[in-house]
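Okay, so here's the structure we're looking at.
So that the names make sense, note that chain A is the first sequence line, chain B the second, and so on, each numbered from 1. All figures in this text were calculated on a predicted structure; none of them were measured in a lab.
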Amino acid sequence: MKLLKAPLFWLIVGVTAIFALLPLLSNNITLRETLVLSAIYIILAANLNLMIGYTGYVNFGSIVFFGLGGYLTLWLVGSHHWGLYSAVLVAGVSVSALAFLLGIGILRLRGAYFALATIGVNEAVKDFVSNFDVWGGSEGIFLPFTAYKAMGGAGKALWTVYLLIVLVMGSSLLLSLAVRRSKFGLGLFAIREDEDAAVVLGVKAPLYKTLAYSLSAFLPAIAGGLYFFKNGSVVPEEAFNLNLSIEAIVMVMLGGQGTVTGPTIGAFLYERLRGMLLTIPGLSNFHMVIAGVLLLLIILFAPGGLMGWLYRIWPRLRRVLE
Amino acid sequence: MIEIVSSILDGLLIGLVYGLASIGLTLIFGVMDVVNLAHGAVISLGMFSLYFFFGAGLHPYLALIPVAIIGFLLGVLIYQIAVRRILDGPPLMTLLATFAVSMIIVGIGTALWSTSPYNVNFKVQTLNIFGYTVTSARLIAALAAVLVTFMLYYFLYRTTLGKAVRAVSNNREAAELMGIPSQQILAISFGIGTALAMLSGALIATLFPFTILSGSIYELKSFVASVLGGLGNPTGALFGGVILGLIEGSVAPFIAISWTNVIEFVIFVLILLFFPTGLLGGRK
Amino acid sequence: MKPAILEVRNVTKAFGGLIAVKDVSLTQYQGEILGLIGPNGAGKTTLFNVINGVYKPTSGEVIFEGQKISGLPPYEVVRRGLARTHQIVKPLNEMTVLENVTVGACFGPQNLPLEAAQEVAAEVIEFTGLGKYADVLAGKLNIALKKRLEVARALAAKPRLLLLDEVLAGLNPSEVAKMLDVIRAIRDQGISILMIEHIMQAIMSLSDRIVVLNFGEKLAEGSPDEVANDPQVIEAYLGDPEMAKRILEEEEA
Ligand SMILES: Nc1ncnc2c1ncn2[C@@H]1O[C@H](COP(=O)(O)OP(=O)(O)OP(=O)(O)O)[C@@H](O)[C@H]1O
Ligand SMILES: [Mg+2]
């Protein structure tokens with residue numbers, strides 16, 4: 001594998017290992033809970049970047065994958081007594097398949113029309129689930145405590161789930177790298193730059209973007225399953241929280257859309273920033289405002305984000321990191 | 001039967017208000033190809049403005065005038081700060097920028113007013129029209145929406161400025177060549193679109209309780225209505241609003257209110273897919 | 001006579017009420033350079049768009065190497081060996097010249113894997129004289145280089161038929177000369193070329209045969225000499241003062 005020779009590959013492996021080992025070795029649960037949030041953000045941002053950054057389609061409703069993954073997992077574990085591993089895998093595959101079918105339809109729309117449709121899809125699913133009794137309607141699904149027993153009790157289960165989430169994070173980053181360096185990625189970039197030109201050059205755009213959409217659903221769905229399993233419950237408002245979708249866009253833009261490393265850095269910084277704001281009294285209510293200002297500033301003054309800016313002043317960095 | 005007809009009538013009236021909101025959205029899109037994602041936030045602001053003017057002792061219908069003026073100024077401001085610089089960039093940038101504006105407005109609103117419901121309490125009578133009851137507030141809101149729409153049409157088709165707006169909307173470069181200062185026209189159009197959104201928010205506030213987040217519901221309704229009528233087509237948007245209201249009115253007696261949203265979103269996505277230029281045809 | 005590589009049979013393309021191409025038929029033989037000329041708005045680009053699948057013809061059909069290709073999407077058409085350039089250049093702005101050309105090589109008829117495509121792209125870039133710019137972002141090129149990039153990208157697909165839409169327009173004389181060399185070199189590789197061009201001198205000297213469109217209809221067809229002396233063609237051009245002016249200007253430039 002040529003990927004093994006890329007410095008970035010080992011950087012990703014290293015970062016993932018740090019995420020896993022830091023709280024584990026110090027047995028620090030507070031640290032773990034902070035990092036789990038970062039990891040989730042990184043997963044959401046990195047996968048969203050496959051659409052926004054690589055393919056050029058703004059998906060406002062990417063959170064729907066995360067939420068559906070959570071619901072499917074908790075439903076399989078809670079009501080059907082599946083094990084966690086098989087449940088999240090099935091959730092990931094089903095959500096991805098669903099995204100493929102959905103993508104065939106809504107990816108015929110371009111630009112603003114597509115973006116609007118993705119909001120519509122998320123809201124429709126949220127409202128549907130809120131009315132869907134099998135999944136507990138607006139009450140959502142609660143896991144019985146016994147669900148953790150199979151994994152050696154709640155304390156141990158939470159550690160296992162944490163490590164799994166970190167694993168999904170690492171996989172997301174590797175996926176971003178692998179796609180970026182592949183023929184598939186080249187086709188996506190061509191679509192992003194000019195879909196009509198790409199099609200004339202031979203890129204099967206309808207298939208490619210649908211695949212990208214479907215692919216960008218897989219790991220977030222698994223992450224959703226793990227995250228809500230860890231929480232022990234899932235409700236529509238949290239699972240399909242459009243704000244989180246939007247924050248994911250802010251992260252992608254902050255770090256630099258279309259770059260491999262940008263969204264991760266953006267997600268990490270955003271999580272830190274948000275955490276800081278939450279602890280400053282009086283500012284905790286303002287985190288959406290600050291996210292909004294941040295997004296606006298990036299769009300107006302640095303549309304390439306942090307990495308875009310770095311690459312501009314230091315082009316050689318691009319060779320190593322992209 | 002009477003109940004059903006009343007419900008449909010209700011739907012028709014509220015549909016006109018949706019129509020007004022949708023015109024605001026569609027006007028901005030028509031003139032500058034920007035889908036204004038701050039639309040819902042602005043609708044919420046309209047609701048709160050009415051609340052505060054009313055609290056200050058102004059009659060709610062008189063308060064519509066300052067609300068419209070504030071809306072216009074706010075729209076010009078949003079245009080100058082967030083839209084102008086990136087108007088010629090990739091369309092997704094304006095989408096994200098207006099969304100950022102929405103986050104800022106909603107965020108500030110949440111911090112100031114929390115997300116609990118507010119209410120504009122004034123005496124509401126019920127009217128009896130041929131045996132069907134409607135509330136006077138609803139009737140007045142609908143009439144106000146129609147009136148504003150007429151004023152807009154008068155402006156667009158009878159005044160020089162309005163004609164300039166239409167010229168820029170048709171073809172910005174050509175309009176510029178003819179000496180129309182397009183930047184000003186664009187700012188004015190954004191102002192008008194925003195004013196319409198504020199007005200519709202204010203009218204809705206005379207009917208229902210609201211929170212700072214309520215606007216997003218009406219934003220989606222505006223999208224559905226504009227897309228139904230063809231994005232960029234004001235008449236279409238008004239009809240789209242009415243159709244939407246009628247659908248809501250006709251299904252309301254039969255299914256739980258919480259399902260109407262699902263139905264609307266599904267219609268929305270289906271329309272986008274199968275009639276991307278709307279049922280009445282719009283500009284792409 | 002050589003076998004036909006492309007046959008356009010009674011193609012009509014209407015946009016609403018406007019008939020941009022009207023019942024046009026033409027045949028291109030293997031290895032030849034066929035010129036397509038006509039006043040502005042004659043429907044030349046539209047015909048290209050029909051041939052490579054951007055538009056479906058309203059009626060009629062397009063046969064490439066004996067197989068019907070009309071109705072296929074553009075990406076299928078190029079995979080069968082028919083590539084094109086755009087009159088209004090469409091560079092993939094935020095990608096380098098090498099990446100742009102690699103796209104052409106990757107997704108063309110050979111369906112090459114990435115690395116092989118990069119090698120082909122590098123060769124084509126040298127061949128078209130873009131070597132110096134391989135790592136430059138395409139959006140940063142000037143118009144002449146963007147036109148050459150269009151050609152390089154199409155060529156990287158290793159097509160058997162190449163459609164060139166006004167690749168000389170907007171170039172200065174030395175740039176035109178360079179591009180003409182490139183086109184001749186392409187022909188010498190055995191690739192058939194169908195080209196639209198307004199610069200008469202160039203098209204007359206390059207083409208084996210010429211087809212003239214006017215108001216969407218085929219007005220004339222024949223060797224450059226025949227066409228140049230056809231009274232109908234002369235009238236079509238003289239009847240369009242804009243065009244006459246443009247030709248003059250280009251000739252002067
Ligand atoms: N997508 C379209 N929709 C509507 N009309 C179109 C479209 N594309 C082209 N036309 C019209 O079809 C006619 C032919 O245009 P076309 O671009 O094919 O001309 P052309 O011969 O390439 O001209 P030029 O020499 O200026 O490039 C023109 O009247 C043009 O306005
Ligand atoms: Mg042309």
Side-chain angles (χ1 to χ4, degrees), chain A residues 1-3 5-6 49 52-56 104 107-108 177-211 256-260 262 303-305 307-309 311-312 315-320 322, chain C residues 48-49 51-54 72-86 88-96 98-118 121 135-139 146 149-150 152-159 163 165:
Chain A
M1 280 287 281
K2 228 189 135 200
L3 227 47
K5 283 196 219 119
N49 188 39
I52 293 196
Y54 287 16
T55 320
I104 293 176
L107 281 159
R108 297 203 319 220
L177 177 64
V179 171
R180 176 70 178 94
R181 304 245 165 128
S182 69
K183 178 172 172 176
F184 176 56
L186 186 71
L188 295 183
F189 270 67
I191 292 172
R192 176 187 82 176
E193 289 303 315
D194 187 334
E195 189 166 339
D196 296 325
V199 166
V200 167
L201 289 170
V203 180
K204 273 190 190 163
L207 177 68
Y208 266 49
K209 52 193 189 177
T210 310
L211 280 176
Q257 43 114 347
T259 65
V260 178
M307 292 317 288
W309 175 73
Y311 291 155
R312 224 183 37 231
R316 259 201 283 165
L317 201 61
R318 187 190 286 266
R319 297 258 173 81
V320 188
E322 288 298 309
Chain C
F48 268 25
N49 282 331
I51 292 173
N52 94 314
V54 173
L72 295 178
Y75 51 81
E76 289 297 342
V77 173
V78 66
R79 274 164 199 238
R80 292 183 184 212
L82 195 167
R84 75 169 284 182
T85 68
H86 295 96
I88 298 169
V89 292
K90 291 177 186 257
L92 307 170
N93 284 325
E94 295 289 311
M95 294 164 76
T96 63
L98 180 66
E99 284 172 325
N100 267 266
V101 181
T102 307
V103 174
C106 239
F107 298 96
Q110 293 172 299
N111 202 12
L112 294 177
L114 190 57
E115 276 166 41
Q118 275 161 344
D135 290 328
V136 177
L137 292 183
K146 279 181 182 160
L149 178 60
E150 281 282 335
R153 258 182 354 190
L155 206 54
K158 302 265 177 231
L163 311 187
D165 194 346

Next item on the list: Count the heavy-atom pairs under 4.5 Å between each of C/Ala117, C/Cys106, C/Ala154 and chain A, then report the option with the highest count.
Entry: C/Cys106
Next item on the list: Let me know if C/Arg79 has heavy atoms under 4.5 Å from chain A in its side chain, its backbone, both or neither.
Entry: side chain
Item checked: chain A contact via C/Asn93 - side chain, backbone, both or neither, heavy atoms under 4.5 Å -> both
Note to self: So for C/Val77, is it side chain, backbone, both, or neither that comes closer than 4.5 Å to the heavy atoms of chain A?
What the structure shows: neither
Note to self: Main chain of C/Phe107, side chain of C/Asn111: is a donor-acceptor contact present, judged purely on distance under 3.5 Å?
What the structure shows: no
Next item on the list: Hey, could you give me each pair passing side chain to side chain donor-acceptor pair (under 3.5 Å) that has a residue in residues 184-194 of chain A? Not counting sequence neighbours.
Entry: none
Notebook entry, point to check: For C/Asp135, which residues count as a side-chain hydrogen bond (donor to acceptor under 3.5 Å, both in side chains) partner, sequence neighbours excluded?
Noted result: none
Checklist line | Beyond-backbone contact of C/Tyr75 with A/Tyr208, side-chain heavy atoms, under 4.5 angstrom | finding: no
